[in-house]
Every structure is written in C-alpha cells, then in structure tokens.
Asker: 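Have a look at the structure that comes next, please.
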Amino acid sequence: MAASHSSPFPPVRRVITGHTPDGKSTVLADAPQPPRFFVPSEKSPMYDIHHASESPAVIDSEITQGKWVDESLSHPELFGGNGSNWRCWDMAPGQVTVIHRTVTIDYGLVFRGSIVLELDDGQKVTLNEGDSVVQRGTMHTWRNESKEWTRMYFVMMNAKPIEIEGKTLGAEIHEAK
C-alpha cells in the first residue's frame with residue numbers, strides 16, 4: 001500500500017492518552033499517521049486514527065501489558081468486528097470508490113470539500129463541508145464530483161446484520177459503474 005501522499009491536506013496528527021502505573025494521565029503517542037492506500041496507484045490517502053477490536057474497548061493495555069497496544073496497525077482493510085474504527089479519507093477530484101457494504105453503522109463527517117453519496121437504488125445525495133451522514137449497512141459508493149479535494153472522517157462500529165425475507169445482507173464489494 002505504498003503510494004505518495006498527493007492530497008493537499010496535511011497528514012492527520014493523532015494524540016493518544018493513557019495512564020501511568022500510578023494512575024496519572026499521560027500522552028502515549030503524538031505523531032502524524034502514515035497514509036494508506038487500498039490500491040498502490042491511488043493518489044487518495046486514508047488514515048487509520050484508531051481501532052478497537054472489541055466493545056467495550058480495552059483502554060488499559062499500557063498498565064496490563066506494560067505498553068500501549070496500537071490496534072490500528074493490524075486490523076483488516078474493511079472493518080467488521082466487535083469494536084470500532086476511526087478513519088480519515090482524502091478523496092481526489094473525480095475519484096469514485098467501489099460499491100460496498102459493511103455490516104457496520106458508520107458516522108461520517110465532511111470536514112473539507114463536498115462528496116456525493118450514491119446508493120444502489122440510484123439515489124444521490126451531495127454532502128458539503130460540515131454535513132454528516134449515518135450509514136446503516138447500505139450498498140453505496142462515494143463520488144468526488146467536484147474539482148477540489150474532499151476530507152471526511154468516519155467512525156465505524158459493528159452492527160447486527162440485516163435480514164430481509166430470510167436473506168442476510170453481508171459485506172460486499174463491487175466495481176463502481
């Protein structure tokens with residue numbers, strides 16, 4: 001997943017707090033997150049800000065294991081688990097994601113720019129800076145139809161699968177049209 005960072009936005013700085021062995025608050029990490037790319041040729045970076053593999057989240061690894069465990073280093077590309085995932089996406093002008101569904105509830109915020117959310121029934125919704133979306137396990141794609149870069153933040157949490165007429169709607173990925 002190595003590609004060059006071509007987004008005009010700065011890398012995402014992440015500060016992680018925790019506790020010392022005597023219970024005092026402390027900063028465990030303070031650094032920019034490295035960009036990741038689903039496809040090596042992509043120019044649009046994604047930043048993993050935090051990942052917790054279970055809920056309730058383990059927030060005492062620096063005490064119980066002697067050091068803070070950064071779960072964002074070893075989680076799957078598409079989130080699906082019992083915890084939560086926090087990511088930032090920078091999308092280049094003209095970029096279209098794959099059509100996908102995760103068995104999650106996703107809370108999204110457009111931080112900069114605008115983006116078009118397209119659902120599998122053809123509905124399109126344009127989201128602008130400051131707009132939010134709650135994505136509830138639907139098939140969708142993201143389209144940056146503007147001439148400017150877009151930055152979005154997402155928190156993903158696992159959800160109960162949707163069942164319709166005995167069919168479970170699971171995770172899916174397809175090429176965009």
Asker: Identify each donor-acceptor pair in which a side-chain atom of residues 26-35 lies under 3.5 Å from a protein atom, sequence neighbours left out, and give them as a table.
Answerer:
unit_1: D30; atom_1: OD1; unit_2: R13; atom_2: NE; d: 2.7
unit_1: D30; atom_1: OD1; unit_2: R13; atom_2: NH2; d: 3.2
unit_1: D30; atom_1: OD2; unit_2: R13; atom_2: NH2; d: 2.8
unit_1: Q33; atom_1: OE1; unit_2: R14; atom_2: NE; d: 3.3
unit_1: Q33; atom_1: NE2; unit_2: D48; atom_2: O; d: 2.8

Asker: Closest approach of H174 and V98, non-hydrogen atoms and distance?
Answerer: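 Heavy-atom minimum between the residues: O-CB, 3.2 Å.
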Asker: Please answer: with hydrophobic residues joined when any side-chain heavy atoms are less than 4.5 Å apart, are V133 and M91 in the same cluster?
Answerer: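 Yes.
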Asker: Given the rule in the side-chain contact (heavy atoms from CB on, under 4.5 Å) test, do T97 and R143 qualify, once you have shown the distances and angles that lead to the verdict?
Answerer: CA-CA 7 Å; T97 68; R143 297 178 177 276; over 6 Å; no
Asker: Regarding E118 and T141, is there a side-chain donor-to-acceptor distance under 3.5 Å anywhere?
Answerer: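 No, no side-chain donor-acceptor pair sits under 3.5 Å.
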Asker: In the single-linkage hydrophobic clustering (I, L, V, M, F, W, Y; side-chain heavy atoms under 4.5 Å), do V69 and V15 co-cluster?
Answerer: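 Looking at the clustering, V15 is in a separate group from V69.
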Asker: Which heavy atom of R87 sits nearest to which heavy atom of I49, and what is that distance?
Answerer: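 Closest heavy-atom pair between R87 and I49: C-CD1, 4.2 Å.
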Asker: Mind running side-chain contact (heavy atoms from CB on, under 4.5 Å) on N128 and V110 for me, showing each step along the way?
Answerer: CA-CA 6 Å; N128 297 301; V110 180; 5.9 Å; no
Asker: Any side-chain heavy atom of S44 sitting closer than 4.5 Å to one from W89?
Answerer: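 No - every pair of side-chain heavy atoms lies 4.5 Å or more apart.
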Asker: Among residues at least two apart in sequence or on other chains, which ones pass side-chain hydrogen bond (donor to acceptor under 3.5 Å, both in side chains) with T126?
Answerer: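 Scan of T126 (side-chain hydrogen bond (donor to acceptor under 3.5 Å, both in side chains), adjacent residues dropped) gives none.
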Asker: To the nearest 0.5 Å, how far apart are CZ in F9 and OH in Y47?
Answerer: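 Rounded to the nearest 0.5 Å, the CZ-OH separation comes to 10.0 Å.
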Asker: For M152 and L109: C-alpha separation, side-chain torsions, deciding distance, then whether side-chain contact (heavy atoms from CB on, under 4.5 Å) applies.
Answerer: CA-CA 6 Å; M152 291 188 72; L109 175 71; over 6 Å; no
Asker: For N144 and T150, test the side chains for any donor-to-acceptor distance below 3.5 angstrom and give the result as yes or no.
Answerer: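 Note: N144 and T150 side chains meet the donor-acceptor criterion.
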Asker: L119 and I115: same hydrophobic cluster, using ILVMFWY side-chain contacts below 4.5 Å?
Answerer: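 They do share one cluster, since a chain of ILVMFWY contacts under 4.5 Å joins L119 to I115.
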Asker: If I take atom OG from residue S84 and atom CE from residue M157, how far apart are they, to the nearest 0.5 angstrom?
Answerer: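 Result: 7.0 Å between the selected atoms.
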Asker: Please report the shortest heavy-atom distance between E148 and S146, naming the atom on each side.
Answerer: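 Looks like O-OG, 2.9 Å.
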Asker: Rounded to the nearest 0.5 Å, what separation is found between the CG atom of L127 and the CG atom of L117?
Answerer: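 L127 atom CG to L117 atom CG measures 6.0 Å (nearest 0.5 Å).
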Asker: Does atom CG of L169 have more than 12 heavy-atom neighbours from other groups under 6.0 Å away?
Answerer: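 For L169, atom CG is crowded (more than 12 foreign heavy atoms under 6.0 Å).
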Asker: Any ring pair (Phe, Tyr, Trp, His ring centres under 6.0 Å) pairs touching residues 122-144, not counting sequence neighbours?
Answerer: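 Qualifying pairs: H100-H140, H140-W142, W142-F154.
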Asker: Check A171 against V103 and note the closest heavy-atom contact, atom names and distance.
Answerer: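 Heavy atoms only, the tightest pair is N-CG2, 3.7 Å.
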Asker: Taking the side chain as everything from C-beta on, heavy atoms only, tell me whether Y107 gets closer than 4.5 Å to M156.
Answerer: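 Heavy-atom side-chain distance check fails, nothing below 4.5 Å.
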Asker: Going by salt bridge (charged side-chain N to carboxylate O under 4.0 Å, His left out), name the pairs with one or both residues in residues 123-142, residues two or more places apart or in two chains.
Answerer: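 Listed once each, the pairs are R112-E129, K124-E145.
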Asker: Is the side chain of T20 donor-acceptor paired with the backbone N or O of K24 at a distance under 3.5 Å, no angle test?
Answerer: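 Present.
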Asker: For N85 and H50: C-alpha separation, side-chain torsions, deciding distance, then whether side-chain contact (heavy atoms from CB on, under 4.5 Å) applies.
Answerer: CA-CA 6 Å; N85 197 30; H50 194 264; over 6 Å; no
Asker: How would you list all residue pairs meeting ring pair (Phe, Tyr, Trp, His ring centres under 6.0 Å) that involve residues 109-133, not counting sequence neighbours?
Answerer: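 Non-adjacent pairs meeting ring pair (Phe, Tyr, Trp, His ring centres under 6.0 Å): F111-Y153.
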Asker: Should the heavy atoms of other residues, nucleotides or ligands under 6.0 Å from CH2 of W149 be counted, would the total exceed 12?
Answerer: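 Enclosed.
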Asker: Find the distance between CH2 (W68) and CD1 (I59) and round it off to the nearest 0.5 Å.
Answerer: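 Going from CH2 on W68 over to CD1 on I59, the span is 13.5 Å.
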Asker: Considering all heavy atoms of both residues, which atom of S72 and which atom of D70 are nearest to each other, and what is their separation?
Answerer: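 Distance-wise, the nearest heavy atoms are OG-OD1, 2.5 Å.
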Asker: Which residues pass the salt bridge (charged side-chain N to carboxylate O under 4.0 Å, His left out) test with E62, sequence neighbours left out?
Answerer: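 Salt bridge (charged side-chain N to carboxylate O under 4.0 Å, His left out) check on E62 returns nothing, list empty.
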Asker: Looking at Q95, R151, K43, which hits side chain to side chain donor-acceptor pair (under 3.5 Å) with D90?
Answerer: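 Only one option passes, and that is R151.
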Asker: Is any side-chain heavy atom of D120 closer than 4.5 Å to one of T138?
Answerer: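 Not touching, per the 4.5 Å side-chain cut-off.
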Asker: So which heavy atom on I99 is nearest to which on M139, and how close?
Answerer: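 Looking at all heavy atoms of both residues, the closest pair is CG2-CE, 3.5 Å.
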